[in-house]
Structures are given as C-alpha cells and as structure tokens.
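Below, chain A is the first sequence line, B the second, and so on; all start at residue 1. Note that the structure is predicted; figures quoted are calculated from it, not measured.
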There are 4 protein chains.
Amino acid sequence: MTEFGDSADSTSVAKPECQPFGRPAAGEDPIKREQILDGAQCIFMRMGFDAASMNDITREAGVSKGTLYVYFKNKEDLFAAIITRQKLAIYALLEDLLAKKLSLEETLYQFGVILATHLLSEKAIRGQRIVIGVIDRMPELANTFFAHGPNSGPNMFANYLHKQVELGKLKPMDDAVLISRQFGDLCLAGLFRPRLFGEMKEPPPAERIEKNVETAVRLFMNAYGR
Amino acid sequence: MTEFGDSADSTSVAKPECQPFGRPAAGEDPIKREQILDGAQCIFMRMGFDAASMNDITREAGVSKGTLYVYFKNKEDLFAAIITRQKLAIYALLEDLLAKKLSLEETLYQFGVILATHLLSEKAIRGQRIVIGVIDRMPELANTFFAHGPNSGPNMFANYLHKQVELGKLKPMDDAVLISRQFGDLCLAGLFRPRLFGEMKEPPPAERIEKNVETAVRLFMNAYGR
Amino acid sequence: MTEFGDSADSTSVAKPECQPFGRPAAGEDPIKREQILDGAQCIFMRMGFDAASMNDITREAGVSKGTLYVYFKNKEDLFAAIITRQKLAIYALLEDLLAKKLSLEETLYQFGVILATHLLSEKAIRGQRIVIGVIDRMPELANTFFAHGPNSGPNMFANYLHKQVELGKLKPMDDAVLISRQFGDLCLAGLFRPRLFGEMKEPPPAERIEKNVETAVRLFMNAYGR
Amino acid sequence: MTEFGDSADSTSVAKPECQPFGRPAAGEDPIKREQILDGAQCIFMRMGFDAASMNDITREAGVSKGTLYVYFKNKEDLFAAIITRQKLAIYALLEDLLAKKLSLEETLYQFGVILATHLLSEKAIRGQRIVIGVIDRMPELANTFFAHGPNSGPNMFANYLHKQVELGKLKPMDDAVLISRQFGDLCLAGLFRPRLFGEMKEPPPAERIEKNVETAVRLFMNAYGR
DNA sequence: TATGAATGAGGGTTCATTCAT
DNA sequence: TATGAATGAACCCTCATTCAT
C-alpha cells in the first residue's frame, strides 16, 4: 500500500495504559496530540494543503517542529489524522443515534439530518475540498470518507438496514452499503455541489436540510419500505 | 476585476484572420496556444495545481519557459485557461444540441446525457478536483462552472426552458437558472460524489448515465411539465 | 514606514545577555550574523547590488539559504544591515573622539581626519557607490548617511558645536547640522568625487587627507571661530 | 581592454557620406540612433541599469529588438552611448563658451556655472548615480567623466589654462588637468554629495550655484591669478 | 534590413524535514 | 524527550540575447 497506509498507526488512538505516571512516551500524549491536531486543522482549513506550512502549524499549535514530527510522520500523515478525526466525530454521532432505537423512519430522518448538517458545515466542506485537491497524492484519504473499517458510516448504516430487513421493516436488499450511500447522496442532493464549489457561501439553514432529508426518507421508504 | 479576470484575454480565442501569412504575433499563435494548453492540462491533471511545476509543463508542452509566459501571465492564468477551454467545449456541445430543435423530452434527455457524460469523464473530474482544491485562491474559477456569461451552460438551458414555457410546454417557473442547475444535479445524482472522491475509478457506463438521466427527466416533467 | 524601515530590527545588535548557554535563538546568534554580514559585504562590494546573487553570498558566508533568510528578510534588508554596520562603526569612532575632550581645533582636526579616512576607504567607497546605485529602490538607506537618529554623525557633531557655542568658543550659528555637513564636505573636498568615480584608485595617503582637513579646519575657524 | 572598450565604435557618430540616397546602412541611421538613445535614456534614468529591461527600452523607443541590437552591441554598450551623449552635450556648451574669448574671470565664472548647472541637473545626477552603481562592471564609463580624449572637459579647460599662462594671465602651473578638475570640484562644493545621495531633492536654484561658482573663481584667482 | 518570438540560465525566496543540543 | 536552527532542492518568474522570417 502507499506510504499513506502507514498513517493508520498515528491515527489510532494513543494507548496510555503503560505509563500511568510521569511523562507519556514520545508521540503518545493524547492531549498534546489533540493540541497539534487543533492547530493543524485551523491552518489547513484556512490555507489549503500546500499553502499551509509546517511552521505555521507549529506556531498555531504551540509545539516545536521536533515534537510535531514525533507525533506525525510528515505533512500528509498529519493531514490524514485531521480528516480521520473529523470523520470519527461524525461516526460517533451517528452511532449514538442508532443506539437510540428510534422508529425506522425517525432514525432515517435523524441520520440524514446529522449527516447533511455535518458534511455541509464550513469545516467539513473545507476539509473535503482539500481532500479532493490532493486526491492524487493521497487517494486512500478520500476513500476513507466512504467505507473503511467495520465502523465506517456507510457500513454502520448498512448493518442497521440489514437488521431492519430481518425485522421485516424493509424489503430484502442486495447491496446495503450501496443503498446506504445512495441515501446519503439523496440527503445532500442539490446542496453538496453548490457548497463544494463555493456558490452557496454559507451552510444551508436547518429547514432547508430538513426538507431535503424528508424527501430523501420518503423516496427511500417508497423504494424499500414494506 | 480581480487579476484572474484578466485571464479572459488570454482565454479568448485568437483571431487569425489578420495573419494569414508569416509568423503569428507573440502569444497569438492558436496552434502553439493549444500545444501549451495540452501539455499543461496533462501535467495539471496528473499532479494537481501546486504539485505541477511550470518546468514540468514546459517540458511536456515542448515550449520554453519564456514562450509559456508570453501566452499565459502566470500559473493561475494558465490553469484558468485550461478549465475555461473544457467548459467551453461542453457548452458548445450543449448549444449544438439545443439548436437541433428536438422534442422537449428528447432535448432534456440528450442534454442530461451530454452533461453527465462530460462532467463525469476522467478529464473533467480531475479538472473539477483541482478547481475545488484551489477555490480559496481562485474563487472566480469555480463560479465559472455555474453561470457566468450569457452563454454559460445553466443560462443557456434556462433560456431554453423559458422558451418552452412560452410555447406552453412547461409551467411558468420563477427561477429558471436555479431549476436548470437542479436538473443538472439530478442527472449527476449518486454518481458525482463517488467519482469526485475517487471511489468510482472509471466513468460510469453509458447505460448507467442514461438510466440516471431518464429518472431525472421523469422527475423534471412531473414537476414542471404540462 | 516603508518596508525598509523594518530592517531596523535585523539591524539592531543582538542582545546576548539572556542566552549565555545553549544555542542562540534563530536569527539571534551574533557570531553567525557577523559571518553572514562579512560574506555578504565581500560579495556586494565586489559585484554591486544587482549583480550579487544570494547564492554567491551564501557560498561566501558559508551558510545555507534558509539560514540567511532567517537572519535577513530579503536582499535589501541584508544590504541595509551591511551599510548600517559600516555607518555605526564610524559613528563609534567619532563618538569616542568627542568623548576625549580635546581642544576645539584638535577635535575638529581629528574629527575630519577620521571622517575622511573612513569615507574614502575602499570599503566605504564601494558601499557608497552601491547605495547611490540603488537609491531609487532604497531611498531611506541613502538618507541614513546624513542625519538619522540622535546619534548620527552630523547630529553628534552638531551637538558638539552647540556646546562650543555655549562655551563661547564659537559664534552662534543657525543650523548646526547644516554646518557640520558642510565641514564634512570640506574635509572631502577634491577627494570624494575622484574616489567615487574610480579615478583615484587607492585611498589618498594620510598626508593628503591631513592637509585637506587642515585647510577645512582653518576655513571653519575663520568663519565661525571667536 | 574590456569589452566595453569596443563601444567606441557605436559611440562614434555615424558617417552617412556613403549613402546619400536610399536607406542608411544597418545601424547607421543617425535619426534612428537618436530615437533609440532617447527611449533608452528615459528608461535607464527612470529604473536604473539592472532594473531597466531591453523590452522596456524597445517599447519606449519604438524600435524592434533586432534593430536595437544592430545599433548597440548590448545593454552596456547602449548605456555607455547615453552617458557619452550627455557628456558630449556638456562639452559642446563648454567649447562654445571658450570660443567666445571672454575675459579670464568671466570665462571661469561662466564655465563653472555651466558645469555645475548641468552636473547637478536631475538627468545628470541620475546618470551619474547609475554610472557609479555599475562602476565595477563598466569602469571605463566612469573614467569617461574625467579626462578621455583631447576634447574632454578637463583637457579642454586645461588647454585654456595653459594659454592663459602663456598670455601671462595666470601663474605657471604643473598639472593643469588636475587644477582644472579641482576648479570643477570647487564649483560643486557642498552641492554634489547632497544631490547625489538624494538629500537635496531638486537641483539647487541658479543663485545658489552662482554664489558657489563666484567663491570658486575667487579662490582660484587667489591661488593662480597674477 | 527589420522584426519580435523564442530561448533557458539564473534570479530571489520558501519550506518540509533533519539532527545537534 | 523536546527543541528549533539549519539545510538545500525546488519553486515561479524575468530578461538579455539570438535568429528565423
């Protein structure tokens, strides 16, 4: 795999169990790690990938170059970690939602609203723009948005759909992952491209998103509901 | 206007009628201009905006640095010219189509197929990725995709819609430009994001696009048809 | 102030009192700073401002490009620092002299000799040539030779003259700064232009300067002495 | 000698005697030559030697690059021709004066006024600055200001002095050329350096120059008059 | 003869990364 | 372990000069 593949290491959450006292091992202090990610996110989102300099980032994060390079192998790795963090934050929200055991339609609706609200937020849009801009150099990173690992958003939702099929709430479906992506796409329909290309300068108002998601849920239920 | 605005000059097609013989004026030889654009397009699409170096481009295009800078005032201008060329090529196809005076539904269908086929092609996807990646530095360039100039794609289509309204084929509509964009979005539904993020490695097969567009036309006609 | 004004920062002497041990802060090691200035002075004086390349300078100074740009923000700033260093060195000599409290005539004489000897030295002549050559781009730098800051040469001498007036040794004078400049001019009379234009290849011998200054002192005392 | 030495060729006045009719030989049309010099002078004086580009000059002069390079071997040669032209213009004025056979003192006075007025003019000051700035690359050019050729200013004046000695109007003198330079220096005393370093932004008013020259003449006559 | 398009070395400057402290 | 000074390749762009037309 590409060298980007290695970044899974620095991306995984630090495990502090071996150092209950004293200074954490090099590159293992989760607080410092977050501090670096916060600073780097700020700079990357403001400047883009290439225009952001590691110096800017160290300054913003308040750490030294050496420390930065202990926590992250290089600029790409650092950026990947930021994107991963963003993604995991959304996944966590979605996971919480699914754990709530709401009705199917309410779940679909909430799921769509959370997804759309976050993916269309300024922060996420900027992140997605950068990811898209460096896709040739870091192709794995873009994939990451779709379906990596069993806890990824689409897989999580696909599992939910499967369960609903077993419960008889939905018709049997061949490729639940594909369908879960299509549902996501439907929730973003008409909003994503204008946001991405900067035509829509602000995130759409909540009502706009809600209406979009309602339509998406209706279409989804028409197609797969029982 | 912004400095990007100037690029319209170098973007406008050279007018060869005055120079049937002899050497073309500096920066005015359309063949050399195309040669440079071809080379630059190749490099930009392969490497992205920042990673592409002007040296790479001169090598690929087979011209010297000096010549390059006679035709294009800087890297941004050169890139803008490439994107504009792509855009104009699509507009030309769409214009040809509208000139054919097919039936409304056939026109909608053909329009959608052409649009989707081109916007999802490898070349266009790569171009759009780069545009998105440099959107903070060149915001005009992204706008260009939507509705600049009376002959832009959305405006052209909006004019067509207006005429159909006058002919009584469509219901009156408030914002034809918005609606024409929504129609375009619909044609790309479920395809654009996977292509943009590299999940769908190849352009979708023609049948896939056609099915998408059929659905889009049906929805459109349900909403606005008479 | 102009961007040249900023250079005062990099020009000010580093304050080493805080860093008795360890590595000096970036751009703050006075030894390295001198090393760069020495190398740059050598190159600038040999080639002139434009013909000197930053590469030449790094090579001569034995530092890398990056280091050079940590200490000096650009070529102009670097050159300004060299000139300022030269100027300050002369000012220091003149200040020492004035502190000696010699007789008025002896002071005038010594002042003139020091001034002329230094301004006509090869190093200073070359520096002045370059300053003159770039005067349109760096006008502040040329002014610097005349009367900036309370410790500048002319002001320092003007203060001395004022004191002598108060002591009754000299007649009251309207514009002591102007007069102190005229005295300097007189000390250089007949020597400055030939040196500047390269007709006089070597600095004039000490006796020549002394004779010039004697004449200048005599004229001065005739005009302003009591 | 340096390659600059060759420039004597392009500096000498074109001799059109062989081409009474038709187009002048390449690089021999004196009108075009003047046209180029005018444009180049304008650009050089405005921008300095290095910052002036040959493109700017061709544009200002209204000739093509090729033509420019037919008339002048290179940038240095072109600049040398401008300086030579300025110098010759002053020499011509001085020669006219000497031909008038005025009284000794009147001649000295007029000579000094003409010299100072021209050398302190904005055009000449800018020219001298540039000459000084490139003196390492074009040392001959600076010498040119002092005493090249039998018709140079100082030699011309020295000849005049010799004749006055023979007429018994002046005391015998060892080095008339040196003395004539000193006289020139005296006429510029107190004015040249402030002008050159840009402290005196405008040429001094006529009265100021006249007073300076009167003093110079008086000193001269005290020293050498009979 | 006159033109100006083309060349490409070289300019100043930046910045990801390393490693002595 | 943490620091940040140092590195130097690579960046975009300019321009004196040449030579095909």
query = Backbone N or O of D/I43 within a donor-acceptor pair of the D/E60 side chain at under 3.5 Å?
reply = no

query = So which nucleotide does E/dA20 pair with, by the Watson-Crick or G-U wobble rule with both distances under 3.5 Å?
reply = F/dT3

query = Is B/A51 touching bases, backbone alone, or none of the nucleic acid, heavy atoms closer than 4.0 Å?
reply = nothing

request  = Using both distances under 3.5 Å as the test, list the Watson-Crick or G-U wobble partner of F/dC12, or none.
outcome  = E/dG11

inquiry  = What's the closest nucleotide to the side chain of C/N74 if the choices are E/dC15, E/dA2, E/dT13?
reply    = E/dT13

inquiry  = I need the NZ-C1' distance between D/K65 and F/dC19, as an integer number of Å.
reply    = 12 Å

ask   = Counting side-chain heavy atoms from CB outward, which of E/dT7, E/dG11, F/dC15 is closest to B/S64?
value = E/dT7

key: Rounded interatomic separation in angstrom, taking OH from C/Y71 and P from E/dG12   = 21 Å

query = At under 4.0 Å between heavy atoms, what does A/T67 touch on the DNA or RNA strands: base, sugar-phosphate, or nothing?
reply = base

remark   = Closest to the side chain of A/M54, out of E/dA16, F/dT14, F/dA9, is E/dA16

key: Length of the CZ-P vector between C/F79 and E/dT13, whole Å   = 15 Å

ask   = Which comes earlier along DNA chain E counting from the 5' end, the contact point of A/D50 or that of D/N55, where each point is its nearest nucleotide?
value = D/N55

request  = Nearest whole angstrom, please: distance from the P of F/dC11 to the CZ of B/F44.
outcome  = 13 Å

message = With a 3.5 Å distance limit and no angle check, can you tell me whether B/T84 reaches the backbone of B/A80 through a side-chain donor-acceptor pair?
response = yes

key: Value in whole Å for how far the C1' atom of E/dC15 lies from CD1 of A/I57   = 11 Å

Value in whole Å for how far the C1' atom of F/dA6 lies from CD1 of C/I36 = 11 Å

ask   = When you measure from the side chain of B/S53, which nucleotide among E/dA16, E/dG4, F/dC12 comes out closest?
value = F/dC12

query = For A/F49, is the NZ or CZ atom of A/K75 found under 6.0 angstrom from the centre of its six-membered ring and inside 45 degrees of the ring axis?
reply = yes

ask   = Between C/V63 and D/G66, who's closer to the 5' end of DNA chain F by nearest nucleotide?
value = C/V63

request  = Take the protein atom CG of D/D29 and the nucleotide atom P of E/dA2, then report the distance between them rounded to whole Å.
outcome  = 8 Å

ask   = Would you call A/R137-B/D50 a salt bridge at under 4.0 Å N-O?
value = no

message = Rounded to whole Å, how long is the line connecting atom CG of A/L78 with atom C1' of E/dT17?
response = 14 Å

ask   = Just to confirm, is there a sub-4.0 Å distance from OP1 or OP2 of F/dA6 to any side-chain nitrogen or oxygen of C/K32?
value = yes

request  = Determine: side-chain N/O of C/Y69 to OP1/OP2 of E/dT14, distance under 4.0 Å, yes or no.
outcome  = no

A/R46 and B/D136 ion-paired at < 4.0 Å = no

ask   = Taking atom types as they are modelled, is there a donor-acceptor pair under 3.5 Å from the base of F/dT17 to the side chain of D/K75?
value = no

task = Using a strict 4.0 Å threshold on nitrogen-to-oxygen distance, state whether B/D38 and B/K32 make a salt bridge.
result = no

